[in-house]
2 protein chains.
Amino acid sequence: MNGIEELDWSLIRALLAVAEAGSLSAAARACGISQPTLGRQVAAAERALGIAVFRRHRLGLELTEAGAALIGPAREMQAAAARLMLAAAGRASRLEGTVRITASVAISQRVLPPLLARLRREEPGIELELHPSDDSDNLLYREADIALRMYRPEQLDVVTCAIGEIPLGLFAAESYLARRGRPASVEDLFTHDWVGLDRSDMLIRGLRAMGRPVSRGFFGIRCDDQQVYWRLVEEGAGIGIFQRPLARRQTGLVELFPDLPLPRLPLWLAAHQALRQTPRIRRVWDFLAAELPDACGTRAPA
Amino acid sequence: MNGIEELDWSLIRALLAVAEAGSLSAAARACGISQPTLGRQVAAAERALGIAVFRRHRLGLELTEAGAALIGPAREMQAAAARLMLAAAGRASRLEGTVRITASVAISQRVLPPLLARLRREEPGIELELHPSDDSDNLLYREADIALRMYRPEQLDVVTCAIGEIPLGLFAAESYLARRGRPASVEDLFTHDWVGLDRSDMLIRGLRAMGRPVSRGFFGIRCDDQQVYWRLVEEGAGIGIFQRPLARRQTGLVELFPDLPLPRLPLWLAAHQALRQTPRIRRVWDFLAAELPDACGTRAPA
DNA sequence: TATATTCCATTCATTAATGAATGGAATAGA
DNA sequence: TCTATTCCATTCATTAATGAATGGAATATA
């Protein structure tokens, strides 16, 4: 290739990865290649372009002024590449390839495994990647094809489907109740130990809506990590609030005041509009839309 | 690399090259790689994208409908890559690297060698590529950094510099004149044999402007290839018209009627605007702008 | 001060990509 | 009908790219 088309486009992508990650090692990890390889690719790009794109220092690589001038076009290539791949995905007709799903940690652990196992049996050509995450970051576009979210994503170009509302319930471990006694009334509930959340104010807002304003200090122990939250309640650290259908499957947990009106968690399925036309993603979407209401207990028993 | 950034960008370029060339072999030649390699790259891209980008048939590869949807984004990547490389070239500060020059065959052979040899001695860090071509295709953007043209390029973004006008002269070989006698008058000229051009009508137009309209058949022998044209006249095939300064350096050729008013050939230097700011290209440009008027005889003797 | 961590750069063995050579198919022209 | 040409696809040897391992430097921490 002659003239200005000499530069291998893959090298441009290497430049962009390093510019974004700030170091060879971090960029190499993100790209799934080795650090020496990426270093060589950056060096090759610099030789081909005739400029120093980065300054090397201990904590990584920093764009030179000349290098910074390349980032705009590199990003445009990236966006165009994304469009190309979306266009191709929209034309793929086989039920093959990878579908990446992101969902909360709780749902990833307690709802999706049996469903996805079944889906794999029904569609052996479709490979599934499950990314548990409680981050509310918008992962949808870059790292997942389908997202399960407890709020309605409002990003442009994203298609959403309401699965239902997940009922919540108060639960305590049998060991806790054996030690502290079972709350005799709703008022009594608030004399007990609770497990709370650290940075999230979800529980505080929920209790305020019940007419019970509390502060962070009300929760003697707090943790945002859902897995750890479950373990704390299971071990008798206090009363916790869970998605009722999931907690009812957990032995050793007792529901308190099942008829107490608690807020419900909405559950939405989301996918990028263009990707959703891809047969494999369409298949997974339809499967989840059909199966999740029952699996999450969002549908009243018939 | 996760998500939609999985596809090696170099494969996209391969797709584009084949889409534009219409066959693996032609695209491979244009890219300077082998046909099997390109075939593999296209196959790898098709596998990664999960669609058939091309239909193979005897005379090459034809875009499928799905493949055609990819060309827009691929072209956008190409444009962005070009912008990136222009940005980099504008930041290169060393007098190093390759400069590609295109000029007519005659000038490439008879004018530029001594000049470029000298430039190489003055600037050993600059590598030069010379592409002789009589094509009036716009090669400027893709295959050459600097072009010498006998017309003023009017493409947008191209900077031009007038070098001067090359005087033309009528010449014949001594052997021809020994055999046919020297033309006694201008009228006598037209009873002689002439070497003409095949597809180009330049000579016909020139003679018409002299009040001597002739048809193609007036030239008993015709060839568009400049090298062959020279050889034919040298071998005594007939009278030819040449750039006077170049022909005067050729032993064995005699100029006829030096005072006969003939059209003159304009000579222009052209470069892409953004590229011309690159130090090495700037250096070559300045050198040629300074040296070419004398070398081509476009400047009147002081 | 010693240890741990993270970074980039280099070496060497392994793997992947490439190109030369070849074959088969289709078409045009003598 | 035979030959020449151009195309894509395949095989095998060669070359280039890659990754594991390693080393040195800089910084933070016990």
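Predicted model only: the values in this text are computed from it and were never measured. Chain naming here is simple, since letters A, B, ... match the order of the sequence lines and numbering starts at 1 in each.
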Salt bridge (charged side-chain N to carboxylate O under 4.0 Å, His left out) pairs, two or more places apart, involving residues 70-82 of chain A: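 Every salt bridge (charged side-chain N to carboxylate O under 4.0 Å, His left out) pair that includes a residue of residues 70-82 of chain A, provided the two are not neighbours, is A:Glu20-A:Arg75, A:Glu76-B:Arg83.
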
With sequence neighbours excluded, tell me which residues meet side-chain contact (heavy atoms from CB on, under 4.5 Å) with [X].
{"X": "A:Ala43", "value": "A:Arg47"}
{"X": "B:Arg120", "value": "B:Leu128"}
{"X": "A:Glu122", "value": "A:Arg118, A:Arg283, A:Phe287"}
{"X": "A:Ala45", "value": "A:Leu11, A:Leu15"}

Could you identify the nucleotide paired to C:dT22, looking across every strand shown and requiring Watson-Crick or G-U wobble geometry with both distances under 3.5 Å?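 Per the H-bond distance test, D:dA9.
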
Can you build the contact string for nucleotides 8-21 of chain D? Use B for base contact, S for sugar-phosphate-only contact, and - for no protein heavy atom under 4.0 Å. BBBB------BBBB

